[in-house]
Amino acid sequence: MSNNPAEEKESKNFLEEIIDKDLQEGRHTSILTRFPPEPNGYLHIGHAKSIHVNFGLAEKYKGETNLRFDDTNPVTESVEYVESIKNDVKWLGFEWKDELYTSDYFEQLYQFALKLIRDGLAYVDDSSSEEIAALKGTPTSPGTNSPYRNRTPEENEALFNKMRSGEFPDGHCILRAKIDMASPNMLMRDPVIYRIKHVKHHHTGDKWCIYPTYDFAHGQSDAIENITHSICTLEFMPHRELYNWFIEKLEIFPSKQYEFARLNLSYTVMSKRKLLQLVDDGHVNGWDDPRMPTISGLRRRGYTPAAIREFCKRIGVAKRENVIDVSLLEFCAREDLNKHALRRMVVLNPLKLVITNWDADKVELLESENNPENPEDGERKMPFGRELWIEKDDFMENAPKKFFRLSVGRNVRLKSAFIITCDDVVKNEAGEVVEVHCTYHPDSRSGQDTSGIKAKGTLHWVSVSHAVPVEVHQYDRLFKVNNPADEEGDFKDYINPDSLHVITNAYAEPELKTDAETFSSPRHYQFMRKGYYYPDQTSTPEKLVYNQTVGLRDTWAKMNK
RNA sequence: UGCCCGGUCGUCUAAUGGCAGGACAGCGGGUUUUGGUCCCGUAUGUGGGGGUUCGAAUCCUCCCCGGGCAACCA
C-alpha cells in the first residue's frame, strides 16, 4: 500500500469518465456493454483490445457484457468463425452474460422497418446500385432524390412484404430510410436498410431472403438488449448520427454509441481483409500461424492470456490514432513468462565440447532449479558427461575483452555444473572450429564451489549422449516496415522473407522429452539464455517441436550492433 | 477543396486553469551460476502564431499537419 496520496490518484480514460457521469447523474444505475464481432474471420489482437475495453469496463463497474454476433451478411459468415470467436474470448478469460445473434432479432427488425414505412420514413427503391450511387452525390455536393422516393406507405409496405416473401431476385430493389439527400453526412442520404439476398444464413437457415444492413441492425440490437454503452472504433463515428436517428424514430431504448481508436501494432497488419490475404496467398500457414497477430496465432506461439490482458491494460484507450510498438507486447509476454516458465537447457546451434579430464563412461546427475523466480517449482536432474553440446556462439577465437564466454585460455561456468578452462580446439579442413577441448575443475561444483576461480560467463549445455533432438521454430517480425498499411503500393511487398527460421538439429536436455510424456497439457518454457518457447500443436514426444514465443533481452547482441 | 474527428517525450498514455508525470523503447550503472530477472540513475515532449488570465497542454482565434466520409461490408 502506498502512503503517498498522489500515487493513489487513479487516472481514468474517457469512457470511464462518461460512465462515471452517467452513473452520477442517474442516467443508468448499472452498465451493460456488448462485444459485437461479425463471424467472418478470426479474432486478432485488435479485437483483444475491444474485448478488454468492453468486458473490462463492465467488470470494473460491476456490470455485464453480451457476446453478440453481428451476423447480418450471410455471404461472408460461417459457424466456423462463430466457434473460433467464442473459443478465443473464453481463452482470454472473459465471461459473457448472453450469447446473442443479431439474426435472432430479424423479425423484430422487420417490424421496425414496417413502422418506418408506415410513418413515411422508409421507401422501396427499384433503382440499381449504380443508379443509387450516382444519385448519392459526393462529400462536396448534395445528392438527388430517387424517383421512387414518393411512393405511398401502402405501396411501400406491399412491396416490402413481397421482398420478404421472395418474389424478387437479388438486387431487384432495396428498402431505404427517407432522411435527407443533401445531408453533409453521406450516411444520412437515404441509407439502404434492407437488401435481398437469397442466401442461406448460418444461424437462421432459409428463413429469410432479405437482410438488414449494419446500420439498421446494430443500434436497434443494442436497444433491444438495453445496452447502455455501445463502444466501437473510430471509423463508425459518422454512423452515430444515423444510429441515433433510428433510435429516435423507433422510440426505443436510447443506447449511446462511443468511439475509440483501434489498435495498430508495429511491423504487422491488423485488418481482417489483409490477414485473409496473407492466409489465402500462402504467406503464412493459416490464421493460427504463430507470426499472425491473431489470437489463435499468438496462443500457438506461446503468448498467455495474462500477457495479452496486461498489454491491453497498458496501451490505454483514447481517440487518437496510434501504432503501438510491438516491443510492449513482447515486454508483457516476458514479464508473465519469466514468472511461470520452466527453465530448460536447449542448444540451438550445437558445437561439441570435450572435457578431457572427465572419464568417457562417467555420468553424473546434476540438479538444476526449474524456475529461480519460483522455488516451489523445484529442481530436475541433468546428466553430465565427457562430451557436451554448447552453442556455437558461445565460443570465439580471438575474442575481445568484453566477450565473457569461451575462448582458448579462458574460464566459464557451465550452468549448474562446473567451471571449465578451455585448452584447445579441433578444426576441420575449412579451418572451422568443430570441437572445443576443456578441463573441468572438480572443486568448482555448483553450490559447493571452493575453487576460488572466477568465471565471468555462464553457459548452458546438454550432454551429447543424453541429448534429445528437437525442432525449434524461430520467428522474426512478419513485415520489414513499421506500418505496412501506410506504405506505397501493395502491403505484401513489405513482407519479411525471413520471418520463419526452422532449426531441425537442436539438442535438448532429456527432461524436455519427459515433460512431453508426462504433462497433460503443454507448458511454457524458458530455454535458458535463449528465450521463451512453447510446444507447437503438432509436437509429439517422438518429434518435439517448439515455437519461440519471444527471445530474452540480449544486451550482448545489442552491444554488437 | 464540403462535413466530421484528432494532434503531449522515439512509441503509447496521464495532467480537465496551478511544478508536464508514468510505461515501453534508448542510454549509464549495481546485483547475478541465465549478458535473463531485479535494483538505481539519466536524456528526450505540449504542431505554429495571436489572444484571455496573476497563471494556459488545458479556454478563444487563425493557421499547419494527420485521419475519416461517395459497399445493397461491418
Side-chain angles (χ1 to χ4, degrees), chain A residues 6 9-13 17 36-38 40 70-73 75-77 125 128-129 132-134 136-143 170-171 173-176 183-187 189 191-197 210-211 213-215 217-218 232-241 259 261 266 272-273 314-332 334-335 338-339 343 345 368-369 372-373 402-405 412-417 419 444 446-447 449 455-460 482 526-532 551-559:
Chain A
K9 200 179 74 187
E10 164 210 27
S11 71
K12 294 187 165 170
N13 65 47
E17 287 179 353
E38 184 189 12
N40 68 344
D70 213 349
D71 53 353
T72 57
N73 187 6
V75 181
T76 57
E77 300 160 3
D125 195 326
S128 68
S129 58
I132 289 174
K136 197 131 201 173
T138 69
T140 53
S141 62
D170 286 8
C173 56
I174 48 139
L175 185 69
R176 301 177 78 174
S183 171
N185 182 348
M186 299 289 292
L187 287 158
R189 323 243 264 224
V192 174
I193 60 178
Y194 261 97
R195 69 279 216 212
I196 302 171
K197 283 175 192 277
I210 55 171
Y211 294 96
T213 56
Y214 165 84
D215 286 305
H218 202 98
C232 60
T233 45
L234 251 31
E235 67 268 28
F236 289 97
M237 207 176 299
H239 294 252
R240 190 173 62 220
E241 190 180 358
E259 310 87 10
S266 62
K272 278 194 217 168
R273 202 194 94 249
R314 283 175 180 254
I315 59 177
V317 186
K319 298 187 79 137
R320 45 179 169 264
E321 276 151 26
N322 59 80
V323 180
I324 307 284
D325 195 325
V326 70
S327 66
L328 179 61
L329 216 211
E330 294 175 344
F331 170 84
C332 293
R334 290 191 191 103
E335 187 186 42
N338 178 51
K339 288 183 295 199
R343 313 295 134 122
M345 294 198 210
S368 191
E369 55 211 335
E373 303 296 317
K402 292 274 197 150
F403 187 79
F404 300 154
R405 307 175 185 180
V412 294
R413 155 78 60 186
L414 292 176
K415 171 71 185 172
S416 301
I419 293 176
S444 67
S446 187
D449 183 355
K456 292 204 94 165
T458 301
L459 308 189
H460 62 285
N482 184 65
Q526 184 196 103
F527 291 174
M528 294 202 77
R529 302 208 304 134
K530 286 295 167 186
Y532 295 98
L552 254 27
R553 271 186 67 207
D554 189 346
T555 46
W556 169 244
K558 213 179 286 173
M559 282 167 66

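Just so we're on the same page: letters track the sequence lines, and every chain starts at 1.
The distance between atom NZ of A:Lys558 and atom P of B:A25, rounded to the nearest whole Å, is 8 Å. A straight line from CD of A:Glu235 to C1' of B:G67 spans 11 Å, rounded to a whole angstrom. A:Met186 has its CE atom 18 Å from the C1' atom of B:C5, to the nearest Å. Look at CZ on A:Phe404: it is 15 Å from C1' on B:U33, rounded to the nearest Å. Atom NZ of A:Lys272 is separated from atom P of B:A71 by 20 Å (rounded to the nearest Å). Summarising the geometry, the separation between CD1 on A:Ile324 and P on B:U11 is reported as 11 Å, rounded to the nearest angstrom. If you measure from atom OH of A:Tyr214 to atom C1' of B:A71, you get 15 Å, rounded to the nearest angstrom. Here the P atom of nucleotide B:U11 and the CZ atom of A:Arg314 are 19 Å apart, to the nearest Å.
Here the side chain of A:Met559 is nearest to one of B:G35, B:U1, B:A74, namely B:G35. Ranking B:C73, B:C5, B:G36 by closeness to the A:Pro372 side chain, first place goes to B:G36. Each of B:A74, B:C4, B:G36 was ranked by its minimum atom distance to the side chain of A:Glu38; first place goes to B:A74. For A:Asn322, counting side-chain heavy atoms from C-beta on, the closest listed nucleotide (B:U37, B:U13, B:C73) is B:U13. Of the candidates B:A74, B:U34, B:C4, B:U34 carries the atom nearest the A:Lys415 side chain, counting heavy atoms from C-beta on. In the set B:C24, B:A74, B:C12, B:C24 carries the atom at the smallest distance from any side-chain atom of A:Phe331. When the nucleotides B:C72, B:G10, B:A70 are ranked by their closest atom to the side chain of A:Asp325, B:G10 comes out on top. Looking at the side chain of A:Asn73, the nearest of the listed nucleotides B:G35, B:U34, B:C73 is B:C73. Picking from B:U34, B:G67, B:C73 the nucleotide with the shortest atom distance to the side chain of A:Thr458 gives B:U34. When the nucleotides B:U34, B:A70, B:G6 are ranked by their closest atom to the side chain of A:Lys319, B:G6 comes out on top.
Note on A:Ser327: only backbone sugar-phosphate atoms sit closer than 4.0 angstrom, heavy atoms only; bases stay farther off. As judged by a 4.0 angstrom heavy-atom cut-off over every strand, A:Gly447 is placed among the base-contacting residues. Contact annotation for A:Met528: base contact, defined as any heavy-atom pair under 4.0 Å involving a base atom. Within the nucleic acid shown, A:Tyr211 has no heavy atom closer than 4.0 Å to any nucleic acid atom. Heavy atoms of A:Asp70 sit under 4.0 angstrom from primed sugar atoms or phosphate atoms, though from no base atom. Using a 4.0 Å heavy-atom distance criterion, A:Glu241 is classed as making no nucleic acid contact. Residue contacts shown for A:Pro37 are absent, as no nucleic acid heavy atom lies under 4.0 Å away. Counting non-hydrogen atoms under 4.0 angstrom, A:Phe527 reaches nothing in the nucleic acid. Nucleic acid contact class of A:Lys339 (heavy atoms, under 4.0 Å, all strands): none. Looking at heavy-atom distances under 4.0 Å, A:Val75 makes no contact with the nucleic acid at all. Within 4.0 Å of A:Ser129, counting heavy atoms only, lies at least one base atom of the nucleic acid. Among the atoms of the strands shown, none is found under 4.0 Å from any heavy atom of A:Arg189.
Against the 90° criterion about 0, the sugar-base torsion of B:A71 places it in the syn range.
The pair A:Arg343-A:Glu369 does not count as a salt bridge, with every side-chain nitrogen at least 4.0 angstrom from each carboxylate oxygen.
In this model, the phosphate group of B:C4 is not approached by any side-chain N or O of A:Arg240 to a distance below 4.0 Å at OP1 or OP2. OP1 or OP2 of B:A74 has at least one side-chain nitrogen or oxygen of A:Thr72 nearer than 4.0 Å.
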Next on the checklist: Show, in sequence, the C-alpha distance, side-chain angles and deciding distance for A:Ile174 and A:Ile132, and conclude whether the side-chain contact (heavy atoms from CB on, under 4.5 Å) test is met.
Outcome noted: CA-CA 10 Å; A:Ile174 48 139; A:Ile132 289 174; 3.5 Å; yes
Next on the checklist: Applying side-chain contact (heavy atoms from CB on, under 4.5 Å) to A:Asn338 and A:Tyr532, what does each step give before you reach the verdict?
Outcome noted: CA-CA 8 Å; A:Asn338 178 51; A:Tyr532 295 98; 3.3 Å; yes
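Side-chain atoms of A:Arg334 and base atoms of B:G36 include no donor and acceptor less than 3.5 Å apart. Side-chain N/O atoms of A:Ser416 and base N/O atoms of B:U33 include no donor-acceptor pair closer than 3.5 Å. Side-chain N/O atoms of A:Arg320 and base N/O atoms of B:U8 include a donor-acceptor pair closer than 3.5 Å. Between the side chain of A:Arg553 and the base of B:U37, no donor-acceptor pair under 3.5 Å is found. Taking only distance into account, the side chain of A:Arg529 never meets the base of B:U34 through a donor-acceptor pair shorter than 3.5 Å. With hydrogens and angles left out, the side chain of A:Glu259 and the base of B:G6 share no donor-acceptor pair within 3.5 Å.
Contact annotation: the side chain of A:His218 never approaches that of A:His239 to less than 4.5 Å [non-hydrogen atoms, C-beta and beyond]. Side-chain atoms of A:Leu187 and A:Asp215, non-hydrogen and from C-beta on, do get closer than 4.5 Å to each other.
Atom C1' of B:G45 sits at a distance of 24 Å from the matching atom of B:G51, rounded to the whole Å. Distance noted for atom C1' between B:G17 and B:A56: 7 Å (whole Å). Across B:U44 and B:G10, the matching P atoms stand 11 Å from one another, rounded to whole Å. Between B:U13 and B:G47, the distance separating the two P atoms is 14 Å to the nearest Å. Rounded to whole Å, the P atom of B:U8 lies 15 Å from the corresponding atom of B:A57. Separation of the P atoms belonging to B:C64 and B:U1 is 9 Å when rounded to the nearest angstrom. As rounded to the nearest Å, B:G2 and B:C54 have P atoms that lie 38 Å from one another. A distance of about 48 Å separates the C1' atoms of B:A74 and B:U42, rounded to the whole Å.
Between A:Leu459 and A:Arg529, the shortest heavy-atom contact is CD2-NH2, 3.5 Å. For the residue pair A:Lys415 and A:Ser368, the shortest heavy atom distance occurs at CE-OG, 4.4 Å. The heavy-atom pair separating A:Leu234 from A:Lys319 by the smallest distance is CD2-O, 3.2 Å. Nearest approach of A:Asn185 to A:Glu241, heavy atoms of both residues: ND2-OE1, 2.9 Å. In this structure, A:Arg195 and A:Thr72 approach most closely via the heavy-atom pair NH1-O, 3.4 Å. In this structure, A:Trp556 and A:Lys402 approach most closely via the heavy-atom pair CZ3-O, 3.6 Å.
Side-chain N or O atoms of A:Arg413 include none that pairs as donor or acceptor with a backbone N or O of A:Ala455 at under 3.5 Å.
In RNA chain B, stems built from 3 or more consecutive Watson-Crick or G-U wobble pairs, each with both distances under 3.5 Å, span B:2-7 with B:64-69, B:10-13 with B:21-24, B:26-30 with B:38-42, B:47-51 with B:59-63.
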